[in-house]
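In what follows, chains carry the letters A, B, and so on, assigned in the order in which the sequence lines appear, proteins first and then strands, with residues in each chain numbered from 1.
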Amino acid sequence: MPMEPRYDHGKTEEKTYRRWEESGYFNPDNLPGERAESFSVIMPPPNANGDLHVGHAVFLTLEDIMVRFARMHGKRALWLPGADHAGFETHVVFDKKMEKEARARGAHYDRAQMSREEVWRATWDFTQHNRTNMEAQIRKLGASCDWSREKFTLDPDIVRGTEETFVRMYRDGLVYRGLRVVNWCPKHRTAFSDLEVKHEERRDPLYYIKYGPLTVATVRPETKFGDTALAVNPHDERYRKYAGKEISAEDILGPITLRVVADDVVDPAFGTGVVKVTPAHDAADFEIWQRHKDEIPGPKIAIDETGRLTALAGPFAGLKAEEAREKVAEVMREKGIIEKTDPGYVHQVTTCYKCGSVLEPIPKSQWFVKMAPLAEKAAEAAEKGELTIIPAHSKSIYLHWLKNIRDWNISRQIAWGIRIPAWFCANCGEPNVEPKIEKGKGEPCAKCGGGLYEQDPDVFDTWFSSAQWPYLALGYPDGRDYKAFYPTDVMETGYDILFFWVARMVMLGLYRTGKLPFRTVYLHGLVRDKDRVKMSKSKGNVVNPLGVAETYGADALRMALVAGSTPGSDIVISEDKIRGYRNFATKLWNIARFIEMNRSAPSAPAAAAGADGVSRRPELAAFAQIKEEAAEHLAHFEFHLAAEKIYHYVWHELADKIVEREKDVLRNGSAAEKAESCTLLETLLLGSLKMLHPFMPFVTEEIYVIFRPGEMLMVAEW
RNA sequence: GCGUCUUUAGCUCAGUGGCAGAGCGUCCCGUUCACAUCGGGAAGGCCGCAGGUUCGAUCCCUGCAAGACGCACCA
């Protein structure tokens, strides 16, 4: 049957994927032949809260290339797919969806009107629906992952494993309950880890406020209702006489008395060299209090969880902190307490990475992971070279972070996630991680002897369970897959989650399994448009990978994402580039069509007849050279170099030179010459298809089956 | 403040211690040919700047400049 004059990806991609999937070869257990060596990659589970975006297409392409290459090299290749419940991320997406739906009904959505169980159930349904949708999208891009092993991050065994890790870490002293000033978002009403905050530059007035004989410079006069002390540097001659003494002052709500403590963190050169200590609303001040607990009072809550001033603020109670600022300053000015105001002070504020709200530091008891011992081992693995990070410079970024690490707050005040398996005594509030608790009853409380408990309402930071994904998804500790495929070979993901995810997987993997979860980390960049602008929905410059795959074919998109993109640097993509690779698929199709027409022409002798003469042809040696170089590039994770080399060979060598040269032979040569020519071209074509298959799996498979009916390129030898 | 990266053709990016590359764009020519989703050809570069190492540097080293990003409790 002659080949279609045009390659129509729309007609064939879905069919081809189905053929792969039905073959069962995505599952390493079903692969043909003896396969002693295994190769495993865990897919970063996409968030089950929306459509795939082009960033997903990047990692699906790169990982698929690795896996297909390994599979074609006779390895037991496993690529384990998953879906992420994505705790807080999904919480936010879900809220937006509910708000939108409520607005459409002319109603108002209020999460507080729903019980925890209702929220959970609705979010569950939402993610399961998205998950199905997402799986179909992953298939469209040609990902050869083993669907029979697919995991969800809330599968019972994952939840159990995560809880177990928490309990073990608690016993080992690596998890503790601590009262800290946390990063609190007054809009989302939850705390965040230090990674989830953004620092933003602001220009605000700096108020110089009189405290009796001393003056303090601050940008937040509204926090003064939470003041419990003043602090100066112990070496500051100007204030030595005040250190350790109390000062009295006329303040906004009447006279106050504050003790002045001496502390090294105070920079004599900044402002007046005197700091007001507000332990409830500033992390640094909280630490000053911790160092001077015997001398000064602890946190006084002047701002609540909604970001409004409390009763401590007297007439200002109920105002949002930012609204109150200038009002408080105004009254102080009237009372002559403000010495001066410097209007243009540039400083950093921490904001919510999701909504941009200025975060309100407030003191809360949360669960923290003690990072230093974990980080030390994670750093050591990279320093010793047991863990390779690509690109190499990422290693210094990784190490820099690990060496300056702070403890990790893993408590989140939302419903969607894995609930923390900790209990508080109903009587005295003492936290307890150990007792066997059924329906709130357990062993007597160690502190007060009570036997009734309430479970911590908080859930884990999603990254706490994600950090355990490689070994939990493989069935640690007893699973067959864990034994066969752990440690995995490569972790391929974006550089933007090096700390969030990669470093933490290394830490918890080492902690729990004693082994690195992967030997190599490959980091890809962010996708940008052709003007180098980061893609975002609000800018309207997003490339929808499914739309592109629809228009130009998944193969074209894949090549466009790989070619010209070096590891760790951002990926620039444009429609022109994608179109270029669509043209390449067409070119390949036409090369094949030309060869196919000639070999099946009535006058053509059987191709095999010319085989003897072909083996000596210089084109074969040249091809072998190209193939070796491409393999070398792939082995070194230089996907872009391999892609370009193969592209260049197929178009500018095979098509432009070899095929053109052979045309003459095919028209005018003897029967033997024609046969040799056919064999040569077919050999080079099939070899090229194999080389190219990991990059452009659909079109190559589609052509291959025409030449080798009944066979499958996916499991051919590379 | 600490750290990382980038700087190469009009644009977006590869690359190499020994004549500087691709895609797109531009210009010219070409469809009875596998392919106009194509072919042939052309123009276009102080490889950011200044030093150093070297027989030789776009590449290695140092400094500088510009830009991007990450980390960070100066109120």
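For F499(A), taking side-chain heavy atoms from C-beta onward, the closest of the listed nucleotides rC74(B), rG70(B), rU4(B) is rG70(B). Minimum atom distance to the side chain of T566(A) is reached by rG15(B), of the listed rC71(B), rC73(B), rG15(B). When each of rA34(B), rA72(B), rA14(B) is scored by its nearest atom to the side-chain atoms of R406(A), the top-ranked nucleotide is rA72(B). Minimum atom distance to the side chain of D576(A) is reached by rC24(B), of the listed rC24(B), rC73(B), rG70(B). Distances from the side chain of V659(A) to the nucleotides rA14(B), rG70(B), rA34(B) place rA34(B) closest. Here the side chain of T218(A) is nearest to one of rA14(B), rG3(B), rA75(B), namely rA75(B). Between rA75(B), rA34(B), rG15(B), one nucleotide has an atom nearer to the side chain of E660(A) than all others, and that is rA34(B).
Across rC64(B) and rC28(B), the matching P atoms stand 49 Å from one another, rounded to whole Å. Separation of the C1' atoms belonging to rG23(B) and rA14(B) is 10 Å when rounded to the nearest angstrom. When the C1' atom is used for both rC73(B) and rC69(B), the distance is 22 Å, rounded to whole Å. Spacing of C1' atoms, rA57(B) relative to rG48(B), comes out at 16 Å, to the nearest Å.
S569(A) has no side-chain polar atom (N or O) that falls below the 4.0 Å cut-off from OP1 or OP2 of rC69(B).
At the heavy-atom level, I591(A) lies under 4.0 Å from base atoms of the strands shown. Nucleic acid contact for K663(A): base, since at least one base atom lies under 4.0 Å from a heavy atom of the residue. When heavy atoms are screened at a 4.0 angstrom cut-off, V266(A) is found touching base atoms of the nucleic acid. Within 4.0 Å (heavy atoms only), V275(A) reaches at least one base atom of the nucleic acid. Residue-level contact check: A563(A) touches neither bases nor backbone, having no heavy atom under 4.0 Å from any strand. A283(A) comes within 4.0 angstrom of nothing in the nucleic acid, heavy atoms only.
Rounded to an integer number of Å, the gap from CG of L399(A) to P of rC5(B) is 13 Å. Rounding to whole angstrom units, CG of residue D570(A) and C1' of rG70(B) are separated by 12 Å. Between the P atom of rA72(B) and the CD atom of E201(A) lies a distance of 16 Å, rounded to the nearest Å. Atoms CG (D264(A)) and C1' (rC74(B)) sit 14 Å apart, rounded to a whole Å. The interatomic distance linking I497(A) (CD1) with rG70(B) (P) rounds to 15 Å, in whole Å. Counting to the nearest Å, the P atom of rC5(B) and the CH2 atom of W401(A) are 20 Å from each other. Rounded to a whole Å, the CD atom of E638(A) is 17 Å from the C1' atom of rA22(B). Regarding H393(A), its NE2 atom lies at a distance of 6 Å from the P atom of rC5(B), rounded to whole Å.
For RNA chain B, each stem of at least three Watson-Crick or G-U pairs (distances under 3.5 Å) is given as range with range: B:1-7 with B:65-71, B:10-13 with B:21-24, B:26-30 with B:38-42, B:48-52 with B:60-64.
Here the two rings, on Y345(A) and F270(A), have centers that are under 6.0 Å apart.
With K276(A) as reference, T223(A) is the one residue of T218(A), T228(A), T223(A) to meet the side chain to side chain donor-acceptor pair (under 3.5 Å) rule.
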Audit row: T351(A), V197(A), side-chain contact (heavy atoms from CB on, under 4.5 Å) steps and yes/no: CA-CA 6 Å; T351(A) 58; V197(A) 307; over 6 Å; no
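For the contact set between residues 696-703 of chain A and RNA chain B, defined by any heavy atom under 4.0 Å, there are no members.
Using a 4.5 Å cut-off on side-chain heavy atoms (C-beta onward), E322(A) and E360(A) make no contact.
One finds a salt bridge joining R238(A) and D236(A) here, because a Lys/Arg side-chain nitrogen approaches an Asp/Glu carboxylate oxygen to under 4.0 Å.
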Can you pull every protein N or O that's under 3.5 Å from an N or O on nucleotides 36-42 of chain B?
unit_1	atom_1	unit_2	atom_2	d
rU37(B)	O4'	N583(A)	OD1	3.4
rU37(B)	O2	R582(A)	NE	3.2
rU37(B)	O2	T586(A)	OG1	2.4
rU37(B)	O4	R6(A)	NH1	2.5
rC38(B)	OP1	N583(A)	ND2	2.8
rC38(B)	O3'	K587(A)	NZ	3.4
rG39(B)	OP1	K587(A)	NZ	3.4
rG39(B)	OP1	W651(A)	NE1	2.3

